[in-house]
Amino acid sequence: MSKRTPIIAGNWKMNLNYTESVHLVQGLYWQLRDATYDYNAGEVLVIPPFVDIRSVQVLVESDELPIKYGAQDISTHDSGAYTGEVSGSMIKALGASYVLVGHSERRQYHAEDCPDILIGKIKQALKNELTPIFCVGENLEIREAGTYKEHILKQVSDVLQVFSGKEIANFVIAYEPIWAIGTGKTATAADAQEIAFEIRKLILEKSGDEVADSVRIQYGGSAKSSNAADIMAGADVDGLLVGGASLEAEEFSKIVRIATKA
Ligand code: 13P
């Protein structure tokens, strides 16, 4: 495990309504409290659907829970006639601290694969003091063709090239191989470490070692309590972006404790 503060995030995707969101966050808090989890060991973050965020905010703020929360997407626009979009300032007003950008499901199903869009979203995140969790990863075809490293590094550099080292230092980058998302197939710890290392090397070459040392790199794709320790053992792996296994308080709290060794 690295010297950076680990970040364990639960991406709920399009699951749970606002009452269920309260139930899950309460459950997660109780599980971690019963296990005397030390939040200094790692950040715990939930990423609910937009319509749940207000309920999560009210719970977190009123009970002063040490759990953070973020949004799954952000508009490239400030405000205006963009039906269905949610702006950075709206997300910020809800007390959120993170936002996912470029998740493979948005790239794939919502045509958000182009660097310009991703750059626009990250700019909006920064403008509104939200930390972007920028997601990259290859599909099975690219993995099998053996060109995954080039593919992922291009995804990273196409977007990062417009940002300064100072900006990049606070980014979280999530490596999520698409073939491992929701499939039960997990990349090996060596796969996760290989890519995390390559991404950090790219940042080092672009922005120097101080920036490269502070960027946090997560792994996502069928992460669960049974593989969390292995994956987190990689020196460049600083956290997990958990999908399905974050929808259950007991399992997600276990992942948090195992991944952070707390
Ligand atoms: P699963 O953990 O369900 O494979 O999802 C990973 C993911 O896409 C998180 O963003």
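In each ligand, atom 1 is the first atom listed, and ligand 1 is the first ligand listed. Computed from heavy atoms alone, side chains included, the values below leave out hydrogens, waters and symmetry copies.
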Below 3.5 Å, N or O to N or O, backbone or side chain included: is there any such pair between [X] and ligand 1?
| X | answer |
| --- | --- |
| G182 | yes |
| T183 | no |
| G243 | yes |
| E176 | yes |

Would you mind running through ligand 1 and noting each atom that sits below 4.0 Å from a heavy atom of [X]?
| X | result |
| --- | --- |
| L241 | 9 (C), 10 (O) |
| G221 | 4 (O), 6 (C) |
| G244 | 1 (P), 2 (O), 3 (O) |
| A180 | 4 (O) |
| S222 | 1 (P), 2 (O), 4 (O) |
| H103 | 7 (C), 8 (O), 9 (C), 10 (O) |
| N11 | 9 (C), 10 (O) |

Side chain of [X], backbone of [Y]: donor and acceptor closer than 3.5 Å?
| X | Y | result |
| --- | --- | --- |
| Q155 | G137 | yes |
| T76 | I117 | no |
| R257 | T36 | no |
| K121 | G102 | no |
| R143 | W179 | no |
| E20 | N17 | yes |
| R106 | Q72 | no |
| E112 | R107 | no |

Under 30°, 30 to 60°, or over 60°: which ring-plane class applies to Y219 and Y175, parallel, tilted or perpendicular?
-> perpendicular
Please confirm whether [X] comes under 4.0 Å of ligand 1, counting heavy atoms of the residue only.
| X | result |
| --- | --- |
| C135 | no |
| A245 | no |
| K224 | no |

Provide, to 0.1 Å, the distance between atom 5 (O) of ligand 1 and the closest protein heavy atom, together with that atom's residue and name.
-> K13 NZ, 3.2 Å
Over all atoms of both residues, closest heavy-atom pair of A187 and A180 = N-CB, 4.1 Å
